[in-house]
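For reference, the structure is listed below as structure tokens.
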Amino acid sequence: MIVCFGSLNADLIFRLPEIPRSGQTRLADDLAVQAGGKGANQAVAAARDGAEVAMAGAVGTDALAEVALSGLREAGADITRVRPVEASTGCASIWIDAAGRNRIAVALGANGQARADQITDADLARATSLLLQMEVDPAETAALLRRARALGLRSILNLAPALPLDIETLRLAGLLVVNEDEAEATAARLGCAPEAAALHAVLGIDVVRTLGEAGSEAATAGGAWHVPARAIDPVDTTAAGDGFVGVLAASLDRGAPLRKAMERASIAAALACGRRGSQASLPWRAETDRACEG
């Protein structure tokens with residue numbers, strides 16, 4: 001079982017010919033309201049890829065709460081560890097241009113009240129992986145990293161967004177996943193280069209760096225390698241990164257080596273880029289299986 005602790009949002013997705021410049025108003029071609037949030041996105045991606053997933057986090061008591069929970073329900077994730085709080089449900093405004101590029105603004109809302117103690121030690125003892133991101137209170141994420149390390153549980157930390165965690169906390173993760181921007185910010189704080197090999201050398205943990213259309217790279221104690229991306233014409237890249245992390249976690253949960261897990265995750269991310277939406281774009285296991293065989 002993968003235990004995921006993170007954010008749940010309602011996504012307001014605006015499609016425009018071009019992203020508005022400062023002071024400019026543009027009419028959108030379309031508006032979609034979907035479930036989102038990095039935590040929920042990654043949990044849904046893992047569940048759709050066949051993993052047993054338990055989600056922990058927080059939503060408000062407003063109408064957007066059901067939107068935020070809808071994708072997790074559909075994917076069959078356990079949401080009994082998601083608690084309602086007196087706050088607005090987290091919400092993201094996503095602008096997508098004709099080339100599929102996006103800009104995103106997020107209001108954390110209820111996500112700021114997610115607490116590590118929503119996950120019990122019994123949950124962690126049963127789990128095979130703990131999946132974490134950075135759209136909740138960093139202190140709560142750090143607390144779970146410490147508990148997981150004490151119990152010998154593998155943690156997968158997606159440092160997104162790249163909020164500052166001290167080096168000793170980062171070293172508690174079993175696997176660190178960053179994109180290029182997050183790698184740059186982390187490397188600047190650590191005083192090293194942003195490549196996976198340099199981050200691994202400083203932190204002493206496995207590191208995966210995603211590189212967009214250039215694929216992904218990894219560095220571990222067993223070596224370093226690069227996995228190419230599948231060539232596509234992207235429609236919407238909104239959930240590609242979360243899809244990669246969720247499918248990576250699901251593959252590792254099934255016992256796949258890291259390189260094989262990255263290859264599958266890269267294919268799943270490419271499938272997500274070819275569809276519109278956030279969680280709605282994430283592929284199911286059978287779809288990814290077929291793409292892997294093709």
Side-chain angles (χ1 to χ4, degrees), residues 1-14 31-47 52-95 103-124 126-127 130-148 155-165 169 238-239 242 245-246 277-280 282:
M1 179 177 73
I2 298 170
V3 173
C4 181
F5 176 69
S7 58
L8 299 92
N9 289 341
D11 285 352
L12 309 181
I13 305 170
F14 297 83
L31 168 67
V33 181
Q34 295 185 10
K38 285 191 172 296
N41 288 351
Q42 293 177 19
V44 167
E52 180 184 356
V53 178
M55 180 75 206
V59 293
T61 54
D62 53 14
L64 292 178
E66 279 305 309
V67 175
L69 291 167
S70 60
L72 291 159
R73 293 189 198 278
E74 181 193 20
D78 180 348
I79 58 173
T80 57
R81 296 162 188 81
V82 178
R83 68 174 188 172
V85 299
E86 291 298 325
S88 60
T89 297
C91 189
S93 175
I94 302 170
W95 300 354
R103 291 188 182 179
I104 304 174
V106 180
L108 290 181
N111 293 309
Q113 298 186 42
R115 296 292 177 259
D117 62 10
Q118 292 171 235
I119 299 171
T120 67
D121 283 349
D123 293 330
L124 296 179
R126 183 184 166 212
L130 173 66
L131 180 57
L132 303 161
Q133 315 79 31
M134 298 296 291
E135 284 187 337
V136 295
D137 185 342
E140 301 298 319
T141 297
L144 272 173
L145 282 169
R146 289 191 291 270
R147 287 170 57 198
S155 296
I156 302 169
L157 174 62
N158 178 212
L159 200 67
L163 301 179
L165 286 179
T169 300
T238 301
D242 290 334
V245 177
S278 44
Q279 287 177 25
L282 299 170

How close do A35 and G71 get, counting heavy atoms only, and between which atoms? CB-N, 3.9 Å
Any non-hydrogen side-chain atom of D121 less than 4.5 Å from a side-chain atom of L124? yes
Those residues that, when tested against A110, pass side chain to side chain contact (heavy atoms under 4.5 Å, CB included) (two or more places apart): A58, V85, A87
Do I13 and T238 pass the side chain to side chain contact (heavy atoms under 4.5 Å, CB included) test, and can you show the C-alpha distance, the side-chain angles, and the key distance before you say yes or no? CA-CA 10 Å; I13 305 170; T238 301; 5.5 Å; no
Using every non-hydrogen atom in the two residues, find where E140 and A116 come nearest and quote the distance to one decimal. OE1-N, 2.8 Å
Is there side-chain contact between I156 and L130, with at least one heavy-atom pair below 4.5 Å? no
Are L157 and S155 side-chain neighbours, meaning at least one heavy-atom pair lies under 4.5 Å? no
Is it the case that N158 and Q133 place a side-chain donor and acceptor less than 3.5 Å from each other? no
Assess the side chains of E135 and N111: does a donor N or O sit below 3.5 Å from an acceptor N or O? no
Heavy atoms, side chains only, cut-off 4.5 Å: are L64 and S88 in contact? no
Counting only N and O atoms by type, is there a donor-acceptor contact under 3.5 Å from the side chain of R147 to the main-chain atoms of A142? no
Does any part of the side chain of C91, heavy atoms only, come nearer than 4.5 Å to the side chain of V106, both counted from C-beta? no
Looking at every heavy atom in both T141 and M134, which two are closest together, and how far apart are they? CG2-SD, 4.2 Å
Salt bridge check, D123 against R126: does any charged N sit closer than 4.0 Å to a carboxylate O? no
Strictly by salt bridge (charged side-chain N to carboxylate O under 4.0 Å, His left out), give each pair with a member in residues 65-75 just once, sequence neighbours left out. R48-E74, E66-R73
Of the non-hydrogen atoms in V53 and A47, which two are nearest, and what is the gap between them? CG2-N, 3.7 Å
The single option from V136, L131, L145 that satisfies side-chain contact (heavy atoms from CB on, under 4.5 Å) with F5 is V136
Side-chain heavy atoms of D11 within contact of V33, under 4.5 Å: no
Could you check whether T89 and D62, counting side-chain N and O atoms only, form a donor-acceptor pair closer than 3.5 Å? yes
Among L8, T80, D78, the one residue meeting side-chain contact (heavy atoms from CB on, under 4.5 Å) with M55: L8
Would you check if there is a donor-acceptor pair between the side chains of N9 and S7 at a distance under 3.5 Å? no
Minimal non-hydrogen separation, A10 against A68, with atom names: N-CB, 4.2 Å
Please examine the side chains of L144 and R146, heavy atoms only from C-beta on, and report whether any two atoms are closer than 4.5 Å. no
Within a strict 4.5 Å, meaning less than it, do heavy atoms of the Q279 and D242 side chains meet? no
I need the minimum non-hydrogen distance between Q34 and A280, along with the two atoms involved. OE1-CB, 3.4 Å
Provide the full list of salt bridge (charged side-chain N to carboxylate O under 4.0 Å, His left out) pairs with a residue in residues 83-94, sequence neighbours left out, each pair given once. none
